[in-house]
Structure formats: structure tokens, C-alpha cells
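In this text, all values refer to a predicted model and were calculated from it rather than measured experimentally. Numbering of residues begins at 1 and proceeds along the displayed sequence.
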Amino acid sequence: MLKQHLQFKLSQKLSPQQIQLMKLIQLPTQAFEQRLKQELEENPALESGKAESEGADDGFDDAYDDSADSETIAAEEINIDDYLSDDEIPDYRTQTSNYSADDDEKSIPYASGTSFNQYLISQLNTIYLDDQEWAIAEFLVGSVDESGYIRRPLSDIMDDLAFTQNIYAEETDIEAVLKTVQALDPPGVGARSLGECLIIQLKRKEKTPSIELAIAILEKSFEQFTKKHYTKLLQKHHISEQELKEAISEIEKLNPKPGGSYAGNTRIIEHIVPDFSIKIVEGELELTLNGRNAPELHVSRDYNNMLEGYKNSKEKSKAQKDTVLFIKQKLDAAKWFIDAIKQRQQTLFITMNAIMNYQHDYFLSGDERKLRPMILKDIADQINMDVSTVSRVANSKYVDTPYGTKLIKEYFSEAMKNEQGEDVSTKEIKKILETVIGEEEKKKPLTDDRLAKILKERGYPIARRTVAKYREQLGIPVARLRKQI
């Protein structure tokens with residue numbers, strides 16, 4: 001039996017232009033500059049800088065249909081005047097205080113030099129090794145990770161040497177060469193564990209009672225040391241509290257990631273370029289958008305001249321008609337890109353302005369306890385935009401404030417109720433929690449239960465498990481690991 005159903009389905013699809021606009025909004029300043037450069041290179045109808053002609057209309061005439069396919073429209077159907085009337089679209093920017101004067105060219109610096117592994121190999125070249133030892137040493141250096149460790153067991157390395165390098169060596173032979181690798185700089189490189197890394201560094205220091213005790217603790221009592229079982233350490237090593245304190249002080253000076261300290265490690269060092277700036281001028285907040293987000297663009301004069309020439313020509317060849325279709329395509333793309341940049345500027349400024357006003361008290365004082373609970377929907381409702389648009393701005397943009405440059409999404413937080421039934425920001429609670437822990441007696445650090453009671457006494461009724469969650473989010477270890485001598 002056949003059944004017929006009538007079903008209505010409402011769906012919303014974004015046009016390619018809308019998708020591209022969303023991508024433009026998401027780009028921070030430096031990435032936006034790269035995108036702008038790419039568009040200028042790919043579209044000869046688009047040019048940067050002020051146009052030569054003054055007084056031209058700002059924007060294209062909308063008399064033609066943007067949705068028309070340039071491949072199917074005949075050249076005769078294109079209204080040339082619709083394009084020529086716009087001349088070059090000179091400076092389209094709105095000249096207000098919304099944009100800062102930060103228009104100077106800045107480049108991203110790149111770290112130069114050799115890689116970490118190449119640095120280690122260059123040191124090996126100064127040590128006498130026979131052919132097999134050299135091959136093993138080179139293989140070991142190739143196994144060093146970016147932190148400076150060799151994480152793989154020697155048995156696995158032995159097998160790899162046999163299968164891939166045709167080198168047959170015993171584990172004892174490999175371990176002997178490993179000692180040579182561990183003698184390279186930076187101290188601690190080539191270690192197989194944190195304990196070994198710290199011990200290698202200590203053994204390269206001048207011998208003192210504190211250094212020797214620190215080595216003994218790491219070699220014989222590493223687990224008790226990491227768990228801060230100080231009473232057990234005092235009893236096992238028959239030492240005083242002062243001696244233990246001095247030994248621990250020596251260990252704390254060491255570098256747990258020797259590879260990370262190598263300055264020549266090849267990686268891009270990218271400086272953060274703030275997308276916005278908030279200043280306090282005569283007691284009032286002033287917001288500016290980085291001027292590099294507001295470039296001057298216009299349509300190429302040459303393209304207008306080509307259209308003018310086509311319009312005035314009596315005989316129109318096929319090649320000329322193809323050229324007009326190409327010009328229309330490029331002009332349409334240029335028009336859309338200029339309009340998209342306008343919309344991007346407006347969206348960025350409107351969104352950040354709403355965030356600044358919402359957190360007015362914080363930006364005036366810098367006191368994080370004055371941060372109001374704020375979620376994406378709060379701002380989206382204020383500016384009548386989609387939550388996803390606000391998210392794109394918040395997750396990728398930085399703002400320069402009198403209190404430092406920060407990622408905008410850091411100002412968003414959930415709300416909780418205090419004992420008076422008022423909404424308070426979770427950021428405010430975390431700040432208080434951080435302050436309480438910072439002021440605790442280090443010999444007897446506060447447990448999560450005790451922290452929950454202190455917060456409750458201050459008017460924030462929070463469960464112990466919530467305190468533990470906030471503490472972990474702040475990167476603060478449990479009470480036992482915060483304990484000091």
C-alpha cells in the first residue's frame with residue numbers, strides 16, 4: 001500500500017559570500033593582513049591606497065544582479081554604465097575616532113639558527129667516536145624530543161638500530177654511548193626520566209653538601225620527594241629541616257625541560273597584535289579598532305578605462321566580449337570584498353563596544369572581582385547578532401587595556417549565586433580562591449574542604465568538588481603538593 005506524505009522543511013543556508021564574511025570576522029589582525037594581501041594579488045581589479053580621483057561615489061550601484069552567473073550572461077546584457085558610474089571607489093573608510101592611528105608596518109619576527117637536533121650533532125662532531133659509536137650517538141640524538149628527553153626504552157632503540165641501520169649492538173653498548181649524549185649541552189639532555197634529567201644537572205654542578213644531599217634524595221627517595229612526604233625524607237636521610245630545605249632549593253633551580261631552553265629551536269615567534277585598544281580618557285572608556293583592520297581599497301582605474309574603451313568601440317570582437325565578462329567577474333569580486341571588509345569592521349567594533357560597556361566597572365578599575373558574569377548570548381542579544389558571530393570575535397581577538405593585552409574570551413564566565421542571591425562571576429570566585437591559597441601557611445596548606453568553608457564564610461556557598469574543579473582550572477595542585485618546609 002502506497003502512502004503519500006506532504007512534508008514542509010524549513011532550512012537556512014548560508015551563501016558563499018556569508019561564509020567568507022564569517023571567516024573574515026574570525027581572522028585576527030595579522031591573519032587578516034595576509035588575507036588582504038592574497039586578495040590584492042589574485043584580483044587585479046582591486047587596489048590598495050587612496051584613489052587618484054576625488055569625490056567619487058562610495059560604493060557600487062546596485063542596479064545589476066549580483067547573483068547572475070558571469071559565465072552565462074552575454075556581454076551585450078551587461079550595463080557598462082553601472083560599473084563606470086562608480087569610478088574608482090576611493091577612500092571608503094569612515095573617518096571617525098573608531099580606528100586607531102596604528103597604521104605602521106610591523107612584521108612577524110622569525111627565530112633563526114639551527115634546530116635543536118642539529119645543535120646536538122654539532123657538539124658530537126667535537127668528540128672522538130668510532131664509526132659504530134657515531135652511528136648510535138646520531139640515532140640517539142634523533143630520538144631526543146623537543147623537551148630534551150629520550151622517551152623510548154633502550155631495547156626498542158637496539159631493535160631499530162638492527163632493523164633500520166644494520167647496526168647490531170648490546171644494550172650496554174648503547175647505554176655507554178647514551179652517557180656521551182647526556183654529557184652534551186644543555187645539561188639534562190638525553191635523560192630518560194625527570195629524575196635522571198635532574199640528577200644529570202646536579203652532577204654537573206660544583207659539589208656541596210646540599211648538592212650531594214639533593215642527588216641522594218632523587219636517587220633513593222624520588223617518589224617521596226615528588227609527593228612531598230617531608231617527614232619520611234627527614235627520617236630516611238637523617239637530616240634536619242634546614243638541610244632538607246637547602247637541598248630542595250637546589251632542585252628547584254633545575255630545568256625539567258632542557259630542550260625548551262634552547263634559543264635556537266626553529267619555530268615561529270609570533271607577537272600578539274591587539275585588534276582593539278581600550279584607554280581611559282578623563283575618566284571615560286575609549287575604544288579604538290586597530291587601524292590595520294581598516295585598509296583603503298578602491299577599484300583599479302585601468303579596469304574602468306577598459307570598460308570605457310569597450311563602451312565606445314563601434315565593433316565589438318569576441319575577444320572584447322570575453323574581456324568584459326572577465327572584468328565583470330573581477331569587479332563583482334572587488335565589490336564584495338570591499339563590502340565584506342566594511343561589515344567586518346562594523347561587526348568587530350560593535351561587538352567589542354558592547355563587551356566594554358557590559359564590563360564597564362572592570363575596565364575602569366582593572367579589579368577582576370568586578371567582572372560581571374557574561375556569556376556569549378548576553379552580548380549577542382545586545383547587538384542583535386548571532387551567538388556564533390560573537391564567538392568568532394571573542395575566540396580570536398585580543399584587546400590592549402591599561403591592565404595588559406588579553407584574549408577577549410577571557411572576559412566571559414558563567415554566573416553563580418552568592419548568599420544574598422546575587423549573580424557573581426565564576427572569575428570573581430576563582431580570584432578569591434587564588435588569593436586565599438596565596439596567603440595560606442605553606443607548612444600547612446589548606447585542603448579543598450577547608451577552602452570550601454572559607455569561601456562559604458565569605459558569602460560564596462560552593463561545594464568541595466566545585467572548589468577542586470576551580471583549583472585545577474587555575475593550575476594549582478592539591479594541598480599535599482603545595483606543602484613547603
Side-chain angles (χ1 to χ4, degrees), residues 147-149 151 188 191-199 201-202 210 213-237 239-258 260 368-369 371 373 407 409-410 412-419 424-485:
S147 297
Y149 287 82
R151 309 282 186 181
R192 290 162 288 179
S193 65
L194 174 60
E196 186 177 37
C197 177
L198 299 177
I199 290 169
Q201 294 178 59
L202 286 170
S210 296
L213 176 58
I215 293 172
I217 289 172
L218 293 177
E219 288 181 336
K220 300 175 183 177
S221 313
F222 186 73
E223 187 176 352
Q224 286 94 335
F225 167 73
T226 57
K227 293 182 177 179
K228 295 196 175 184
H229 291 162
Y230 294 139
T231 303
K232 291 182 180 179
L233 291 175
L234 293 171
Q235 294 171 351
K236 185 174 181 179
H237 294 272
I239 52 177
S240 66
E241 276 195 10
Q242 183 60 30
E243 288 173 320
L244 178 59
K245 190 172 183 178
E246 290 173 0
I248 290 174
S249 176
E250 292 293 345
I251 296 172
E252 288 176 343
K253 296 174 185 175
L254 305 176
N255 184 1
K257 293 184 179 181
E368 289 192 1
R369 290 172 296 181
L371 275 172
L407 189 62
K409 74 174 182 180
E410 293 180 9
F412 289 83
S413 63
E414 297 291 339
M416 292 190 68
K417 299 282 185 184
N418 61 14
E419 287 188 336
V424 293
S425 168
T426 53
K427 268 188 169 292
E428 177 183 340
I429 297 171
K430 287 179 184 178
K431 188 67 178 177
I432 295 171
L433 182 63
E434 196 173 24
T435 302
V436 170
I437 292 174
E439 295 173 351
E440 70 185 359
E441 185 182 348
K442 297 306 176 185
K443 283 191 175 183
K444 295 180 180 179
L446 300 167
T447 63
D448 291 341
D449 278 325
R450 183 69 188 124
L451 289 170
K453 289 178 183 176
I454 291 173
L455 286 172
K456 187 175 182 180
E457 290 168 3
R458 298 194 179 190
Y460 303 96
I462 301 171
R464 184 203 61 79
R465 63 180 179 275
T466 307
V467 169
K469 182 179 76 172
Y470 289 169
R471 176 180 52 71
E472 289 170 1
Q473 289 174 351
L474 289 166
I476 299 173
V478 295
R480 176 172 51 80
L481 296 181
R482 299 199 306 272
K483 186 177 180 182
Q484 296 180 7
I485 290 294

Is it the case that over 12 heavy atoms from other parts of the model lie below 6.0 angstrom from the [atom1] atom of [X]?
{"X": "K430", "atom1": "NZ", "value": "yes"}
{"X": "K442", "atom1": "NZ", "value": "yes"}
{"X": "E223", "atom1": "CD", "value": "no"}

Inter-residue atom distance [X].[atom1] - [Y].[atom2], 0.5 Å rounding:
{"X": "L254", "Y": "Q201", "atom1": "CG", "atom2": "CD", "answer": "5.0 Å"}
{"X": "Y230", "Y": "L234", "atom1": "OH", "atom2": "CG", "answer": "10.0 Å"}
{"X": "K232", "Y": "S221", "atom1": "NZ", "atom2": "OG", "answer": "10.5 Å"}
{"X": "I429", "Y": "T466", "atom1": "CD1", "atom2": "OG1", "answer": "9.0 Å"}
{"X": "T447", "Y": "E440", "atom1": "OG1", "atom2": "CD", "answer": "10.0 Å"}
{"X": "K236", "Y": "K220", "atom1": "NZ", "atom2": "NZ", "answer": "8.0 Å"}

*Any donor and acceptor pair, going by atom type alone, linking the side chain of T435 with main-chain N or O of K431 inside 3.5 Å?*
yes
Can you name the closest pair of heavy atoms from [X] and [Y] and give their distance?
{"X": "S210", "Y": "E250", "value": "CB-CG, 4.0 Å"}
{"X": "A463", "Y": "A452", "value": "C-CB, 4.5 Å"}
{"X": "A247", "Y": "A214", "value": "O-CB, 3.8 Å"}
{"X": "G188", "Y": "C197", "value": "O-SG, 3.7 Å"}

*State whether K245 and E243 are salt-bridged, where the test is any N-O pair (Lys NZ or Arg NE/NH1/NH2 against Asp/Glu carboxylate O) under 4.0 Å.*
no
Can you find a pair of side-chain heavy atoms, one from [X] and one from [Y], that are under 4.5 Å apart?
{"X": "L455", "Y": "E457", "result": "no"}
{"X": "Q224", "Y": "H237", "result": "no"}
{"X": "L194", "Y": "Y149", "result": "yes"}
{"X": "L244", "Y": "I217", "result": "yes"}

*Out of V467, I454, L446, I462, which residue meets the side-chain contact (heavy atoms from CB on, under 4.5 Å) rule with L433?*
V467
_Where at least one partner belongs to residues 466-477, residue pairs that pass salt bridge (Lys or Arg N to Asp or Glu O under 4.0 Å), sequence neighbours excluded_ = D448-R471
